[in-house]
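What follows is a short report on a single structure.
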Amino acid sequence: MLKPQVHPSQSLKTLFPLSKPFLHGNGHAFLPIPSSPSLRKGPKIRVGFSPSKSIKAVATSAEKSIKVKAVVTVKPTVGTVLSIVDDIEDMFGKSIVLELVSSELDPKTGLEKPKIKGHAHKAETEKDGDVKYESELEIPSGFGEVGAVFVENEHHKEMYLKDIVLDGFPSGPVNLTCNSWLHSKHDSKQKRVFFTNKSYLPTATPNGLKRLRAEGLATLRGNGQGERKTLDRIYDYDVYNDLGDPDSDPELARPVLGGKENPYPRRCRTGRPRCKTDPFSEQRGSDFYVPRDEAFSEIKQLTFSAKTVYSVLHALVPSLETAIVDTNLGFPYFTAIDSLFNEGVNLPPPQKEGLWNTLLPRLVKAISDTGDDILRFETPDTIERDKFFWFRDEEFSRQTLAGLNPCSIQLITEWPLKSALDPTIYGPPESKITTELIEKEIRGIMTVEEALKQKKLFILDYHDLLLPYVEKVRQIKGTTLYGSRTVFFLTPSGTLRPLVIELTRPPMDGKPQWKEVYLPSWHSTECWLWRLAKAHVLAHDSGYHQLVSHWLRTHCCTEPYIIATNRQLSVMHPIYRLLHPHFRYTMEINALARQALINAGGIIESSFAPGKYSLELSSVAYDKQWRFDYQALPKDLISRGMAVEDPSAPHGLKLTIEDYPFANDGLVLWDTIKQWVTDYVNHYYTEASLIESDKELQAWWTEIRTVGHGDKKDEPWWPVLKTPQDLIEIITTIVWVTSGHHAAVNFGQYTYAGYFPNRPTIARTNMPTEDPSEERWKFFLEKPEFTLLTTFPSQIQATKVMAVLDVLSNHSPDEEYLGQDMEPAWGEDPIIKGAFEKFSGKLKEFEGIIDQRNADSNLKNRSGAGIVPYELLKPLSEPGVTGKGVPYSISI
């Protein structure tokens, strides 16, 4: 092998004055046409760049072939007849077929070079269950760099392909990270192609890979026809037309979400037959297709994951309904609620022995002397620290800033409060929350005008969103609804104090609009009325949290990003590789939600305030409130009046409430994510022209706007994509939503809502002051506590929600936390590797910042006697229900 000496002081321009090096993402430049005649006849030169080393040149002999060892790592599916057959056939030479693809075209013909074919045979099974298949391949001279590998599975059963390593090249091993289900050739003759971990912008794609890059995207797009099958890997769009089940019961018919009438993001198309009774709706069936690579990996299936959620919804919930026969039965006294944590609920025997302990080992206790299974709930940390935390007004206010739904509180900027709804339908628009009432409640400290000017008045406003649904919801047995407004005052200590709650019923049943205000009071009657009004507001906030802050803004709105990324960005694209970990398993968990959580008659409809109108309500919120640009945390805070731009302030924002735990921690995390995205994007896009000329990237952003979120395609607020800075802002927003925002509204669910009086999901009875009969008013005066209990969810509603929230708040043992592990493709490039290590280090520092803040007694919204410290945005966590941890993706 020739080794020409290149002095560090000699530039490439000196050596090759007429040649332009072709730069690859790994820092190598290939120089196919040297300017020197003597060098033209010699071997091809590859020049490697290293920030810390001098330039070196390595020549590869044109006369010798290279022997390469290929190692394929798989996780085979075990425990089936077919897998046993495959194990036997392994002994007789059945294998994985590999075909290596050159990155270069044949210089003589201009065609793709012949592939190098080999069979990988089973070599060993490692302790963790991984199976290694090995092959010896001979690479002829002139083959060039390996850019991809075709893989064929000769077994009868699909297998989960983790990676391929080609070892023996002078330049080092070639890595291909697959993490994909590999179908059997008996199921499909189409071979799979996997590209190496090198990332290429479309214009920099090696000529030998251009056709494969284009064909790979075309395969993933499909033709928009037919019903999708389990093994398919096709990404396409459809409306939400499978939430209802009108063929089985007309009561289960639901409107299609998506389109002019009910705007909504798009879901993944499944192509199932249409319902017989409603041609606009799709039959549900038992199979909710997601593209095969979106399904959980083998290890994810074997650990605490969506499989557990599915089993809880399809096995435990029906068993609870059997155990609690009277679905309308409420809790007779508060000690009966406490018994859920002390004594539990007897469960009927499951079909499979030991099933409950397998599904919910944290909650289900087997009683050895009787053999019975008891669903005994773990005591949430909130109630463990302070038994009466849920009763206190201070905690009610604090949780608007540091609880489960810190995304709804907003500054009051217009006075007096007024509805924008049609007064001919919904009654007088003026609020009963008057200037005099507010000034009385703030006890002469300042006038309303001064309070507005000094930014002291805040509101939870569910009036206009809920009021149109009040009459509809009240037709559902066992529930009620109001439009509501709750006003808070910012005290000198930096905490919020609730001043007034207003509940409104529109004109209905021949009666005029009803509207009433409730105030905190020491007087017993007014005090109990205030508690009842607070329960209604909490039910409104719980519904909004679950349907909008959680489902809509994270799960639902992210699915179009995932579909567009797979349809328009090649797996070789650096932006695909940046986004991919933030999309893992989201489509699988969303499909599960459509099966049993958000479907007609599912957990949400049966246990949350809007009932059968829950998803329709989220469509209204999407139509009236959702904007892509406002999903960015800084702009979200500004839009709610919770911050203003201030270049001199940390993060460039001045918070309206300085001690706002969600915002304070969120902005640190936002900036850390943005810096990582900035380093990554700027490495690949060194100038604006590269953004505009990237056809894949432009098609990706266009499809997100015009198809995935097509009902809002004409909105003026969509960001343009012309510069690296535009791309940085777009990607940072997507990453924030899938990681930080989702963690903030998901992993505290059991902590804050596990003791349901703190966050009742539904209110079942009207306020006693609304059209009070003498008998009803007398009952309230004699038994106000029981009146509150009958307002709370029923026993079956509460226990179902508690069981589901425990599962949804749980981190699996193999959770992938933000910044913890580097994607293999990132590690291939030293610049990206360094940027990720910096990102990871910043997140570790952030852990300490949160600890310091929680220990600061001056920050009363996150510390104090009996207060759970705010850790929902703390990046790392142990497995289980911990109230902290920020995974890369929406995986639960």
Side-chain angles (χ1 to χ4, degrees), residues 68-77 82-83 86 89-90 93-106 111-122 131-140 143-166 174-198 205-223 226 228-235 291-295 297 566-567 570-572 576:
V68 173
K69 181 180 180 180
V71 180
V72 183
T73 306
V74 303
K75 276 193 171 295
T77 305
L82 287 179
S83 61
D86 288 338
E89 290 190 340
D90 269 331
K94 290 290 183 180
S95 63
I96 299 172
V97 181
L98 306 177
E99 293 180 78
L100 274 55
V101 179
S102 174
S103 294
E104 305 169 3
L105 297 177
D106 189 312
L111 302 176
E112 295 172 6
K113 295 180 179 180
K115 303 178 186 68
I116 308 301
K117 186 174 182 178
H119 288 72
H121 299 281
K122 189 174 182 179
V131 179
K132 301 289 186 181
Y133 287 77
E134 296 181 357
S135 176
E136 293 284 343
L137 299 162
E138 187 164 335
I139 313 297
F143 183 76
E145 190 175 0
V146 175
V149 177
F150 278 96
V151 186
E152 185 179 48
N153 173 16
E154 291 190 325
H155 295 81
H156 289 82
K157 188 73 175 174
E158 70 173 352
M159 57 178 63
Y160 189 77
L161 182 59
K162 291 183 67 177
D163 57 50
I164 302 170
V165 179
L166 307 175
V174 174
N175 300 298
L176 300 90
T177 302
C178 307
N179 288 330
S180 177
W181 291 99
L182 183 63
H183 63 263
S184 164
K185 74 172 186 179
H186 302 286
D187 294 320
S188 172
K189 297 296 183 183
Q190 186 177 20
K191 299 173 184 177
R192 286 289 305 279
V193 63
F194 295 96
F195 296 100
T196 65
N197 287 355
K198 290 183 182 179
T205 309
N207 290 329
L209 303 178
K210 286 182 177 179
R211 179 183 65 85
L212 293 181
R213 181 170 187 151
E215 288 181 356
L217 287 172
T219 298
L220 293 174
R221 291 174 194 144
N223 61 7
R228 300 274 64 86
K229 304 301 181 184
T230 303
L231 294 179
D232 287 345
R233 297 172 53 252
I234 295 176
Y235 297 78
R292 192 67 186 102
D293 287 344
E294 301 300 327
S297 66
N566 283 277
R567 285 170 56 87
S570 166
V571 294
M572 288 192 286
Y576 175 94

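Please read these numbers as outputs of a predicted model, since none were measured by experiment.
- Side-chain atoms of Asp106 and Glu112, non-hydrogen and from C-beta on, never get closer than 4.5 Å to each other.
- The shortest heavy-atom contact between Gly208 and Leu105 is CA-CD2, 3.8 Å.
- With 3.5 Å as the limit, one finds a donor-acceptor pair spanning the side chains of Thr73 and Lys132.
- For the residue pair Arg221 and Ile234, the shortest heavy atom distance occurs at O-CG2, 3.7 Å.
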Derivation of the side chain to side chain contact (heavy atoms under 4.5 Å, CB included) call for Leu98 and Val72: CA-CA 10 Å; Leu98 306 177; Val72 183; 4.0 Å; yes
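- In this pair, His186 and His156 present their aromatic rings parallel. The plane angle is below 30°, not in the 30 to 60° band.
- In this structure, the separation between CD on Glu104 and CG on Asn207 is 9.5 Å, given to the nearest 0.5 Å.
- In this structure, Met159 and Asn153 have side chains that are in contact, with non-hydrogen atoms separated by less than 4.5 Å.
- Counting heavy atoms from C-beta outward, Phe195 and Leu212 have side chains that approach closer than 4.5 Å.
- Taking CG of Leu176 as the start and CG of Leu100 as the end, the distance is 8.5 Å to the nearest 0.5 Å.
- Of the possible donor and acceptor atoms, one in the side chain of Ser102 sits under 3.5 Å from a partner among the backbone N and O of Phe143.
- Contact detail for Thr196 and Ala148: the closest heavy-atom pair is CG2-N, 4.2 Å.
- Note on Glu152 versus Arg192: no salt bridge recorded, every NZ/NE/NH1/NH2 to OD/OE distance being 4.0 Å or above.
- Rounded to the nearest 0.5 angstrom, Leu220 CG and Glu215 CD are separated by 12.0 Å.
- Inter-residue side-chain proximity for Phe194 and Val571 is flagged as unmet; no heavy-atom pair is nearer than 4.5 Å.
- Between Leu182 and Tyr160 there is no side-chain heavy-atom pair separated by less than 4.5 Å.
- Atoms CG and OG1, from Asn566 and Thr219 in turn, are 12.5 Å apart once rounded to the nearest 0.5 Å.
- Defined by atom type and a distance below 3.5 Å, a donor-acceptor pair is missing between the side-chain atoms of Asp163 and Thr177.
- For Leu217 against Ser570, the heavy-atom pair with the smallest separation is CD2-N, 3.7 Å.
- Residue Leu161 holds its CG atom at 11.5 Å from NE2 of His183, rounded to the nearest 0.5 Å.
- You'll find the side chain of Val74 reaches within 4.5 Å of the side chain of Ile96, heavy atoms only.
- Within 6.0 Å of CD on Gln190 lie no more than 12 heavy atoms contributed by other residues, nucleotides or ligands.
- Judged purely by atom type and a 3.5 angstrom limit, Arg567 uses its side chain to pair as donor or acceptor with the backbone of Tyr235.
- For the pairing with Glu99, the side chain to side chain donor-acceptor pair (under 3.5 Å) check across Lys117, Lys115, Lys191 returns one residue only, Lys191.
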Val146 and Val101: CA distance, side-chain angles, deciding distance, side chain to side chain contact (heavy atoms under 4.5 Å, CB included) verdict: CA-CA 6 Å; Val146 175; Val101 179; 6.0 Å; no
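- Salt bridge absent: Lys69 and Glu136 never bring a charged side-chain N and a carboxylate O closer than 4.0 Å.
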Stepwise side chain to side chain contact (heavy atoms under 4.5 Å, CB included) test for Glu134 and His121: CA-CA 5 Å; Glu134 296 181 357; His121 299 281; over 6 Å; no
Side chain to side chain contact (heavy atoms under 4.5 Å, CB included) between Asp232 and Arg228, worked out: CA-CA 6 Å; Asp232 287 345; Arg228 300 274 64 86; 3.1 Å; yes
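- Residues His155 and Ser184 are not in side-chain contact: their nearest non-hydrogen atoms beyond the backbone lie 4.5 Å or more apart.
- Between Lys122 and Val131, some side-chain heavy-atom pair lies under the 4.5 Å cut-off.
- For the 3.5 Å distance criterion, the side chains of Asp293 and Ser180 qualify, holding a donor opposite an acceptor.
- Rounding to the nearest 0.5 Å places CG of Asn175 at 5.5 Å from CG of Asn197.
- Considering every non-hydrogen atom in both Pro206 and Ser103, the closest pair reads CB-O, 3.3 Å.
- Nearest heavy atom pair, residue Ala120 against residue Ser95, reads O-CB, 2.8 Å.
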